[in-house]
Amino acid sequence: MTFLAIDVGNTRLKWALYDAHRPGAALLAQGTEFLEHIDRLAEGSWANLPAPNRMLGCVVAGDIARRRVVEQMELWDVTPQWVVPSAQEAGLTNGYDYPSRLGADRWVAMVGARHHVLAQGAPRPIVLVMVGTAVTVECIDAAGNFLGGLILPGHGIMLRALEAGTAGLHVPTGEVRLFPTNTSDALTSGGTYAIAGAVERMYQHLLQHCGAEPACLMTGGAGWKMAPSMTRPFELIENLIFDGLLQIALQRFGDAD
Ligand SMILES: Nc1ncnc2c1ncn2[C@@H]1O[C@H](COP(=O)(O)OP(=O)(O)OP(=O)(O)O)[C@@H](O)[C@H]1O
Ligand SMILES: CC(C)(CO)[C@@H](O)C(=O)NCCC(=O)O
Ligand SMILES: [K+]
């Protein structure tokens, strides 16, 4: 029973085909496509895939992007299903004022993070950082309550905003330095430590609130660039969104087949 997981992000769509809809399923194929190129999927990288039996996705890119993905899926006889953040799912409780307004990517990644930590042993509070076009920093207590989180501009958006909003800054990529002594390093380090500092702040909030050391998880395409600059040890996980989708799929579709 093959399972297709899709994450339609702010900039790119990521997909992964598994041999089953459960955590730990074997990855058969995966790919990414910029949102502008969604319309190429059916004739491109999906053309020769084994047909998925089940599909579950999450979208933050809006209805139009979602519809374009559904059109590409007409290639197969599979019903598209999308995660909508609710008050409760897969052992997590959603503390957002309006649960359905939470980004689906954030919710699904939190489900993945919670199950990752539970698989390692006793429940712990979690700080989850997702580094993509935007950066999010989520706080979850040991009982699985999502307490709240931050949304920050990603590194690219910060630098482009500086370039656009100042008179004389242009932005070649620099290095992260403790004491930057040129413009490129100053900009790259500024963006990196803005994110690292925000994360440290949330770590402290959660530590104080829970009175227990949080587990620190990081995911997202640019996570490996941020990891060396964090103030705490972070476990880098390739794709918590796919892990969360597998977990939710198991609960939705059940163990059978
Ligand atoms: N040196 C860096 N440090 C931290 N973040 C960076 C760095 N360079 C690039 N980034 C960020 O990483 C992002 C790319 O990450 P990723 O591949 O997860 O995003 P994406 O797939 O484009 O995002 P989305 O999932 O929202 O579509 C860029 O948009 C940029 O903001
Ligand atoms: C914050 C982003 C952009 C991160 O991808 C996404 O999760 C989103 O659009 N969220 C909706 C708003 C919210 O989460 O409060
Ligand atoms: K994303």
Side-chain angles (χ1 to χ4, degrees), residues 5-16 30-38 57-66 68-69 82-86 92 94-113 128-140 146-164 171-177 180 184-199 202 217-230 234 236-242 244-245:
I6 303 184
D7 163 24
V8 191
N10 301 286
T11 309
R12 298 183 306 163
L13 175 155
K14 288 142 227 152
W15 61 267
Q30 65 178 326
T32 55
E33 206 70 67
F34 282 100
L35 299 186
E36 308 87 274
H37 299 149
I38 284 175
C58 74
V59 194
V60 299
D63 273 351
I64 293 174
R66 185 172 49 75
R68 287 167 60 217
V69 176
W82 305 93
V83 176
V84 177
S86 55
L92 269 192
N94 190 341
Y96 235 41
D97 294 348
Y98 298 95
S100 67
R101 294 190 191 171
L102 178 69
D105 55 345
R106 301 175 63 188
W107 186 235
V108 170
M110 282 191 264
V111 169
L128 166 61
V129 180
M130 192 152 50
V131 194
T133 307
V135 173
T136 53
V137 189
E138 322 295 3
C139 291
I140 306 165
F146 165 50
L147 302 173
L150 303 179
I151 303 172
L152 305 168
H155 210 270
I157 291 177
M158 286 189 208
L159 298 201
R160 283 195 300 279
L162 277 167
E163 200 163 32
V171 185
T173 318
E175 301 291 325
V176 178
R177 300 275 185 222
S184 305
D185 290 355
L187 289 162
T188 297
S189 307
T192 298
Y193 288 130
I195 295 168
V199 173
M202 286 307 255
L217 307 186
M218 185 180 285
T219 193
W224 63 277
K225 287 184 188 160
M226 276 307 303
S229 302
M230 305 308 286
F234 265 81
L236 258 181
I237 302 174
E238 187 73 41
N239 200 316
L240 273 179
I241 292 188
F242 289 157
L245 287 172

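We count residues from 1, following the sequence as given. Start at 1 and go down the list; that is how both ligands and their atoms are numbered. Note that the coordinates shown come from a computational prediction; the quantities given were computed from them, not determined experimentally.
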Which distance, rounded to the nearest 0.5 Å, do you find between the [atom1] of [X] and the [atom2] of [Y]?
{"X": "N10", "Y": "I157", "atom1": "CG", "atom2": "CD1", "value": "7.5 Å"}
{"X": "T219", "Y": "F234", "atom1": "OG1", "atom2": "CZ", "value": "12.0 Å"}
{"X": "E138", "Y": "L102", "atom1": "CD", "atom2": "CG", "value": "6.5 Å"}

Nearest-option assignment for [atom], heavy atoms, candidates [options]:
{"atom": "atom 22 (O) of ligand 1", "options": "N239, T11, N10", "value": "T11"}
{"atom": "atom 30 (C) of ligand 1", "options": "G191, G174, G156", "value": "G156"}
{"atom": "atom 13 (C) of ligand 1", "options": "A134, A61, G132", "value": "G132"}

Any side-chain heavy atom of M226 within less than 4.5 Å of one from T192?
yes
Show the atoms of ligand 1 that are less than 4.0 angstrom away from any heavy atom in [X].
{"X": "G154", "answer": "31 (O)"}
{"X": "V131", "answer": "15 (O), 18 (O)"}
{"X": "G221", "answer": "16 (P), 17 (O), 18 (O)"}

Could a heavy atom of K14 be found less than 4.0 Å from some atom of ligand 1?
yes
I'd like to know if the side chain of D185 and the backbone of G174 have a donor-acceptor N/O pair within less than 3.5 Å.
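Side chain of D185 to backbone of G174: no pair is present.
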Spell out, as yes or no, whether a donor-acceptor pair under 3.5 Å connects the side chain of T173 to the backbone of S184.
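Not a single qualifying donor-acceptor pair exists.
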Please name the pair of heavy atoms, one in M202 and one in L150, separated by the smallest distance, quoted to 0.1 Å.
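Nearest pair, atom of M202 first, then L150: CG-CD1, 3.5 Å.
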Locate the shortest heavy-atom distance separating L13 from L35; write the atom from each residue and the value.
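Scanning both residues, the minimum pair turns out to be N-CD2, 3.8 Å.
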Which of the numbered atoms in ligand 2 are below 4.0 angstrom from a heavy atom of [X]?
{"X": "R101", "answer": "11 (C), 12 (C), 13 (C), 14 (O), 15 (O)"}
{"X": "L102", "answer": "14 (O)"}
{"X": "R106", "answer": "7 (O), 13 (C), 14 (O), 15 (O)"}
{"X": "G103", "answer": "7 (O), 10 (N), 11 (C), 13 (C), 14 (O)"}
{"X": "Y96", "answer": "13 (C), 14 (O), 15 (O)"}

Just distances here: any N/O of N10 and N/O of ligand 2 closer than 3.5 Å?
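Between N10 and ligand 2, an N or O pair is found under 3.5 Å apart.
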What part of K225, side chain, backbone, both or neither, has a heavy atom within less than 4.0 angstrom of ligand 1?
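The part of K225 near ligand 1 is the side chain, not the backbone.
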Using the side chain to side chain contact (heavy atoms under 4.5 Å, CB included) rule, take E163 and L187 through it: C-alpha gap first, then chi angles, then the decisive distance, then the call.
CA-CA 10 Å; E163 200 163 32; L187 289 162; over 6 Å; no
